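Working notes, structure below.
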Protein chains: 2
Amino acid sequence: MTSLSESDAGSSARPTMRHVAKLAGVAVKTVSRVVNGEPNVAPETARRVLDAARALDYQPDPHAGNLRRSDRRTRTLGLLVSSVDNPFAGAVHRAVEDVAVEHGVAVFASSLDDDPEREREAVAAFLRRRVDGLILTTASTNQAYLEPELRRGTPVVFVDREPRGVETDAVVSDNFGGAARAAEHLLARGHRRFAYLGDLHSLQTARHRRRGFLEALDHAGIPVADVPVIEDLHDPERAREALLRLLDGPNPPTAVFSSQNLVTVGALRALRERGRHRDTALVGFDDVELADLLEPGLTVVAQHPEDLGRIAAERVFAKLNGDGSPSQRIVVSTTLIARGSGEIPPSGM
Amino acid sequence: MTSLSESDAGSSARPTMRHVAKLAGVAVKTVSRVVNGEPNVAPETARRVLDAARALDYQPDPHAGNLRRSDRRTRTLGLLVSSVDNPFAGAVHRAVEDVAVEHGVAVFASSLDDDPEREREAVAAFLRRRVDGLILTTASTNQAYLEPELRRGTPVVFVDREPRGVETDAVVSDNFGGAARAAEHLLARGHRRFAYLGDLHSLQTARHRRRGFLEALDHAGIPVADVPVIEDLHDPERAREALLRLLDGPNPPTAVFSSQNLVTVGALRALRERGRHRDTALVGFDDVELADLLEPGLTVVAQHPEDLGRIAAERVFAKLNGDGSPSQRIVVSTTLIARGSGEIPPSGM
DNA sequence: TCAGATTCTGACAACGATGTCACGATTTGG
DNA sequence: CCAAATCGTGACATCGTTGTCAGAATCTGA
């Protein structure tokens, strides 16, 4: 028994097609046709249906429709980033959202805190919800667990970090080139004593940046084995402590490269604390808000998270629209922005 | 006809309960019982079902279940903020997400760019998707359009800005008190010539901050009519230009209050540009990354977006769990953080 | 004018799951 | 040892919607 007739007036229950059909005096299928703009409905009938729908404030249930419909799209996208509370991720997110809204698609976002286990859980949660596609800043070293889903045809695109163990698209910054560019910039000012402050060694991007930086030094004839390489710095505090130790050591660097924005913040604090910020060069990877207002201004290798996000989202939609081209690896170049801190010459010169 | 029997091996189609039931040699209802941990299934049967489910990599479709299930929850939440690419919103988002994951709920986020029309569209899009609740930094002046949805029992909680035209919960910063506190802080240093740089007058929070600041000045006997109040500054560039005009004018302020973080950034730039950053006091509303590394350090009235987000999310879940208490307006206090710029005494003293 | 095409409409099954109920097999208790 | 309660299981209707098909009404053209 259906309660269609009862409490029709002030009913707070959500109206369905059957309510609309009853009010308009037609069959549900006709309501369906009108609501979906299918052809072959008499104008007079359509008007009655629309009036009824409006009167009841009817909103079709997309999940019910999906169940029956052939294409089976939820018009939903999953985005997995290190943390939504993080400027880089925020910019990626915004770019993804902008592309998604154009396609009438809503975005689920989830923070991973660079924890592989959270990644697995979050991906599973999104797939259970049947997202149409996934954009993923992976935190794990191997993503073979995505294989069954990829075989089912779900588009997955990696941003910022590249996949391992699965064959799919990736959109990444030129980490190697950007870090090399930073090294060259410092070398050109005559520096010979460097320090490298790195993010978690488990992150592929961190390893690329390290390699880019060190290889450029090597090319310039710097004995790389002597360069202090401090890694696994994931927050400002750890980075600060690491740099303080170097500054207080026997042979402090004249030029510092910090491989990520939180690390850069820690490095800035350490330099201030020792009053070395005007005579020690610093280049950070990734741009930072207010970098131009510091004294000296902060020189950075800026990434372009908006481009990463936009391109990744466009790839997802291309795949959803049947683009079957083989997996691509799209590299977005970086931009060195000189603001002062990277142009400081070696002290004692 | 169902294709249950065909291509069972390397099938890439998503398996359903029927596939599992067939493989386990039981009825779908039994699979349902096992998957949902319902009682009264023989251990041996349960094992067979679980084996089959695992073999097929079966994942239940929550949308289909929802259709029939009584509680009708999508385990989904909609969050609407000014822009996901904005540190304040990012912090709110992260806090909301943390509460949501504890409840097994995923979060849709959408950026409004403070555009009322986008708000309407985004809210409609989320409601069509049947989110269980809505957390909203409204961009519109009146939200009566939410009335029907509220009557249906959908929990809606406002963050950062208060509702108008609807009766529902809100979690906001103490905008009035925070701005007043900033005024008192500056007055205590002996300032008499102030300037107020404000956000869009259409935003309620902006009006509260303005009122808080000016009333505190008034209490102190400052002729408020003479205080330049520049409003509708929504980005750094406009704020910069506005403050430059004041600084170049006949009677420049000795103390500036900027009512929002983008405005603060513009104000900082203007002060730098005129070389007035060491003799003009500045207090900003809302904290800013790296504020401690500027020279002088930036004094701010910090909000606590993590608290706003967390409390808002907790209210949503309380309501979902049947909390029927009347609408609350929860005020989160602000914290003045003195870092230097706000402690500059009036020049010429 | 009438056969055939076209337009409009609705009955019914189906999507993938769960709620209800009924039935046979076991267990319990007096 | 038998009636009653409990356990294990499956058939069937149902959630809100759309795909299929068929039938009635209208239109077309010779």
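Chain identifiers are assigned alphabetically (A, B, ...) following the order of the sequence lines, protein sequences preceding nucleic acid strands; residue numbering begins at 1 within each chain. Keep in mind that what you see is a predicted model, and the values were worked out from it rather than measured.
- Rounded to a whole Å, the NE2 atom of A:His19 is 8 Å from the P atom of D:dG16.
- The closest donor-acceptor contact from the side chain of B:Arg310 to the backbone of B:Ala95 lies at 3.5 Å or more, if one exists at all.
- Nearest to the side chain of A:Thr16, among D:dA11, C:dA17, D:dG16, sits D:dG16.
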For A:Phe108 and B:Thr76: C-alpha separation, side-chain torsions, deciding distance, then whether side chain to side chain contact (heavy atoms under 4.5 Å, CB included) applies.
CA-CA 9 Å; A:Phe108 281 119; B:Thr76 266; 3.8 Å; yes
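- Between A:Arg69 and C:dA14 there is no side-chain N or O to OP1 or OP2 distance below 4.0 Å.
- No hydrogens or angles were tested; on distance alone, a donor-acceptor pair under 3.5 Å links the side chain of B:Arg68 to the base of D:dT14.
- Residue A:Asn66 contributes atom CG, which lies 12 Å from atom C1' of C:dG16 at whole-angstrom precision.
- Atom NE2 in B:His63 sits about 14 Å away from atom C1' in D:dT17, given to the nearest Å.
- Here the P atom of nucleotide C:dG19 and the CG atom of B:Leu67 are 12 Å apart, to the nearest Å.
- If you measure from atom CZ of A:Arg72 to atom C1' of D:dT18, you get 11 Å, rounded to the nearest angstrom.
- Look at B:Arg18 and you won't find any side-chain N or O under 4.0 angstrom from OP1 or OP2 of C:dA17.
- A:Arg129 and A:Thr74 are not linked by any side-chain donor-acceptor pair at a separation below 3.5 angstrom, with hydrogens and angles left out of the test.
- For A:Ser70, whose side chain is taken as the heavy atoms from C-beta onward, the closest listed nucleotide among D:dG19, C:dG19, C:dA17 is D:dG19.
- Rounded to whole Å, atom C1' of D:dC15 lies 9 Å from atom CG of A:Asp61.
- One can place CE of B:Met17 at 13 Å from C1' of C:dG19, the figure rounded to the nearest angstrom.
- Scanning residues 28-53 of chain B for heavy-atom distances under 4.0 Å to DNA chain D yields B:Lys29, B:Thr30, B:Arg33, B:Asn40, B:Val41, B:Ala42, B:Thr45.
- Listed for the B:Asn36 side chain is no donor-acceptor partner under 3.5 Å among the backbone atoms of B:Glu38.
- Nearest nucleotide to the A:Pro60 side chain, out of D:dG16, C:dA11, D:dT17: D:dT17.
- You'll find the side chain of A:Thr154 reaches within 4.5 Å of the side chain of B:Arg14, heavy atoms only.
- If B:Ala64 and B:Val26 are placed on DNA chain D by their nearest nucleotide, the residue sitting closer to the 5' end is B:Val26.
- Distance CZ (B:Arg73) to C1' (C:dA17): 19 Å, rounded to an integer number of Å.
- Remark: B:Leu320 pairs with B:Arg73, B:Asp132, B:Pro155, B:Val316, B:Phe317 by the side-chain contact (heavy atoms from CB on, under 4.5 Å) rule, at least two apart or across chains.
- Side-chain contact between B:Thr45 and B:Thr30 is present, with heavy atoms from C-beta onward closer than 4.5 Å.
- Looking at heavy-atom distances under 4.0 Å, A:Pro62 makes no contact with the nucleic acid at all.
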